Amino acid sequence: MASMSSGSSTRDSKAGFWKKNASVPGSIKPVYGAQHPPMQQKLPSSPRKEERSKSGKRDPFHDFENKTSDAWDDGDDDLITMATVQMSLRDVHSSARAVLENHSRQVASKANTAKSDSSHSFRNIDEGLVPPSSQHYHHPGGPGLGVRLNSGWQPPKMTPIRYGTPTSTDRETAKLEKFKALLAEPNLNLDELRKLSWSGIPKAVRPTAWKILSGYLPPAADRRQATLERKRKEYFSFIDQYYDTRHQEMHEETFRQIHIDIPRMNPLIPIFQQKVVQEILKDIPRMTSLAHLLQQKPVQEIFERILYIWAIRHPASGYVQGINDLVTPFFVVFLSEYIENDIEVENCNLLELDPNTRAIIEADSFWCTSRLLDGIQDNYTFAQPGIQMKVNALRELTKRIDAPLHQHLERHSVEYLQFSFRWMNNLLMREIPLHCTIRLWDTYQSEENGFADFHLYVCASFLKRFSADLLKEDDFQGILMLLQNLPTQSWGDEQIGELLAEAFKLKYMFADAPKHLQPKS
């Protein structure tokens, strides 16, 4: 009884500690940025806890929140209880022996099954089909949460860098030749480049095309090299001037937030992981979902410098969570200019890359990210008004193009801000695979104000695409869980092309009639 009472007091004190000490790691508090909507003084849709209890009305969002366990608390009580149990060495040995025997029986059973299916499996491999281990592989979730939570998933191994000239597929040959001829012109026609790039840019010329479309490089061919040298030198002068201030009192909070956010981004891309994680995963498969906590050190340092210098030079907004994700497509695309791998470029081992080349990629990524953010900076200023306006516009647009879905969301008290804030803040990067984001950005950079205006129509098209699935969900929890974990992990250029075609149709219908997107009084 004494041990039980002590265990209970320990749990009570533990719960009180997390509630009272809001400044310690793991405390439950809103983070301003990508994962939470902007803070406001009063929100009519979010009454206080006391008011909700008095009114007696049920809020489905808070019901959902209460039923969702916190990762910090999950299993803590069981661990505390287990820690007080006294076990003899004989019990430990017998338990271990039983586990080993059971494992041996399972291995033998799998081996017998493999022998019986070997002829069929090898025939599939010879015919060029998928390997036996992946024939029935399926994830019901999206590219982020669904894959991370699958305990059987293992990140791809890094491949050594092979230097070479990027090549294009046969299907892109004709288009590639058009791009090369256009980029070689002394005075490039930007309208022609945008028109050609709208339907996708071949990988071999994408780095140069992106630099020109973003405004980083001039259209005149004879000025490009001089511009690159000048802008790269300017960026590293910013580092010499500002980067040492990151530990000063007025800037240390900004740098601390950047340092925390970078390991959280793109957890399934191996270049954002350290070798130590790969070693841990060999021994503890359940830690796969934690692989995103560590990165390759050179990549982390590159992103820290880019984000910190941008924040220092843009005090109106400073650094906000979500900006860190927007560097990634530029970084990966510019990295592909210098390497060629057997598998995707994001699986390469960056430590093998020459430091001078890494410096060039870093500077180019900084300037192109800066150009992008200049067009959507109101998304990241105080209270993030740009995002709030886009969310309201998405609501009105959905109301007109898919009334049944809009009514379904309203009927179940699903607010657009609860799911589309991340779509606007991260430009759908958390919803679709990286290669789809890169293809999407080919079109965004071909459109006038693509990241600011055209993105709204892409989000509306994206929501409408899953309308039938959402209408099948009959409660708040089901709708929100689907919206936060959409099944896009197998998407490719075909799906992005369809999404963009639908978005262009919506733009054609509504862009020249802005009053149609204003709420009726």
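Just so you know, these numbers come straight off a predicted model, no measurement behind them.
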Check ion pair Asp191-Arg194 (N to O, under 4.0 angstrom):
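A salt bridge links Asp191 with Arg194.
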Which value, rounded to the nearest 0.5 Å, describes the distance between Leu326 atom CG and Phe331 atom CZ?
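If we round to the nearest 0.5 Å, Leu326:CG and Phe331:CZ are 15.0 Å apart.
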Could you state the interatomic distance from OH (Tyr338) to OG1 (Thr357), rounded to the nearest 0.5 Å?
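If we round to the nearest 0.5 Å, Tyr338:OH and Thr357:OG1 are 6.5 Å apart.
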Salt bridge flag under 4.0 Å for residues Arg395 and Glu410:
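Salt bridge: yes.
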Just by distance, no angles: are the side chains of Gln384 and Asn425 close enough, under 3.5 Å, to form a donor-acceptor pair?
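Their side chains do contain a donor-acceptor pair, which is all the 3.5 Å distance test asks for.
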Working note: Lys203 + Ser336, criterion side-chain contact (heavy atoms from CB on, under 4.5 Å); need CA distance, chi angles, decisive distance, verdict.
CA-CA 8 Å; Lys203 181 179 178 181; Ser336 69; 4.1 Å; yes
Ring geometry between Trp423 and Phe419 (parallel below 30°, tilted from 30 to 60°, perpendicular above 60°):
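Phe419 vs Trp423 ring planes: perpendicular.
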With a 4.0 Å cut-off, would you call Arg232 and Glu362 a salt bridge?
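Salt bridge: no.
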Can you check whether Met429's main-chain N or O pairs, donor with acceptor, with Asn426's side chain at less than 3.5 Å?
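Answer holds: no.
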May I ask you to decide if Ala452's main-chain N or O and Asn449's side chain share a donor-acceptor pair within less than 3.5 Å?
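Pair absent, no side-chain N/O of Asn449 close to backbone of Ala452.
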Can you tell me how far apart OH (Tyr444) and CD1 (Ile438) are? Round to the nearest 0.5 Å.
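Going from the OH atom of Tyr444 to the CD1 atom of Ile438 covers 14.0 Å.
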Rounded distance (nearest 0.5 Å) linking atom CD1 of Ile306 with atom OG of Ser365
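Reported to 0.5 Å precision, the distance equals 5.0 Å.
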Do you know the tightest heavy-atom contact between Trp491 and Pro487?
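Heavy atoms only, the tightest pair is NE1-O, 3.9 Å.
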Looking just at side-chain N and O atoms, do Asp442 and Trp210 make a donor-acceptor pair shorter than 3.5 Å?
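Side chains of Asp442 and Trp210: pair found under 3.5 Å.
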Can you check whether Trp367's main-chain N or O pairs, donor with acceptor, with Arg371's side chain at less than 3.5 Å?
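Between the backbone of Trp367 and the side chain of Arg371 there is no qualifying donor-acceptor contact (under 3.5 Å).
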To check you understand the geometry: which heavy-atom pair defines the closest contact between Leu353 and Arg358, and what is its length?
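Looks like O-NH1, 2.8 Å.
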Within 45 degrees of the axis of the six-membered ring of Phe334 and under 6.0 Å from its centre: does Lys211 put its NZ or CZ there?
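Yes; both conditions hold, so Lys211 lies above the ring face of Phe334.
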Between Phe451 and Leu427, which heavy-atom pair has the shortest distance, and what is it?
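For Phe451 and Leu427, the tightest heavy-atom pair comes out as CD2-CD1, 3.6 Å.
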Tyr308 side chain to Arg246 backbone, donor-acceptor under 3.5 Å:
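Looks like yes, one N/O pair under 3.5 Å.
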Can a donor-acceptor pair be found, under 3.5 Å and without considering hydrogens, that links the side chain of Gln257 to the backbone of Gln321?
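No.
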Using 30° and 60° as the class limits, which term best fits the ring planes of His412 and His408: parallel, tilted or perpendicular?
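Correct class here is perpendicular.
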Kindly give the heavy-atom pair with the smallest separation between Ile201 and Arg206, and that separation in Å.
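Scanning both residues completely, I find the closest heavy atoms to be O-NH2, 2.9 Å.
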Strictly by modelled atom types, are Glu304 and Gln300 linked by a side-chain donor-acceptor pair under 3.5 Å?
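Judged by distance alone, the side chains do pair up.
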For Tyr319 and Ala311, which heavy atoms make the closest approach, and how far apart are they?
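Minimum heavy-atom contact is N-CB, 3.7 Å.
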Counting only heavy atoms not in Arg230 (residues, nucleotides, ligands), do more than 12 fall under 6.0 Å from its CZ?
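Yes, the 6.0 Å shell around CZ holds more than 12 heavy atoms from other groups.
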Strictly distance-based, threshold 3.5 Å: is any side-chain N or O of Trp310 a donor or acceptor partner for the main-chain N or O of Ser370?
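Checked: no pair found.
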Test side-chain contact (heavy atoms from CB on, under 4.5 Å) on Ile312 and Thr254; report intermediate values, then the result.
CA-CA 9 Å; Ile312 290 296; Thr254 296; 5.9 Å; no
Quick check: closest heavy atoms across Arg224 and Pro218, and the distance to 0.1 Å?
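Between these two residues, the closest heavy atoms are NE-O, 3.3 Å.
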Could you label the plane-to-plane angle of the Phe255 and Tyr243 rings as parallel, tilted or perpendicular, counting under 30° as parallel and over 60° as perpendicular?
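Perpendicular, since the angle between the ring planes exceeds 60°.
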Test side-chain contact (heavy atoms from CB on, under 4.5 Å) on Tyr416 and His406; report intermediate values, then the result.
CA-CA 10 Å; Tyr416 282 76; His406 174 76; 2.9 Å; yes
Let me have the donor-acceptor pairs involving side chains of residues 497-511, under 3.5 Å, with sequence neighbours excluded, atom names and distances please.
from, atom 1, to, atom 2, distance (Å)
Glu498, OE1, Arg465, NH1, 3.2
Glu498, OE1, Arg465, NH2, 3.0
Glu502, OE1, Lys505, NZ, 3.3
Lys507, NZ, Glu447, OE1, 2.6

Apply the test side-chain contact (heavy atoms from CB on, under 4.5 Å) to residues Thr443 and Arg439: give CA-CA distance (whole Å), side-chain angles for both, the deciding distance (0.1 Å), then the verdict.
CA-CA 7 Å; Thr443 301; Arg439 167 62 191 92; 2.9 Å; yes
Can you tell me if Ser420 and Lys390 form a side-chain donor-acceptor pair at under 3.5 Å?
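Per modelled atom types, Ser420 and Lys390 side chains form no pair under 3.5 Å.
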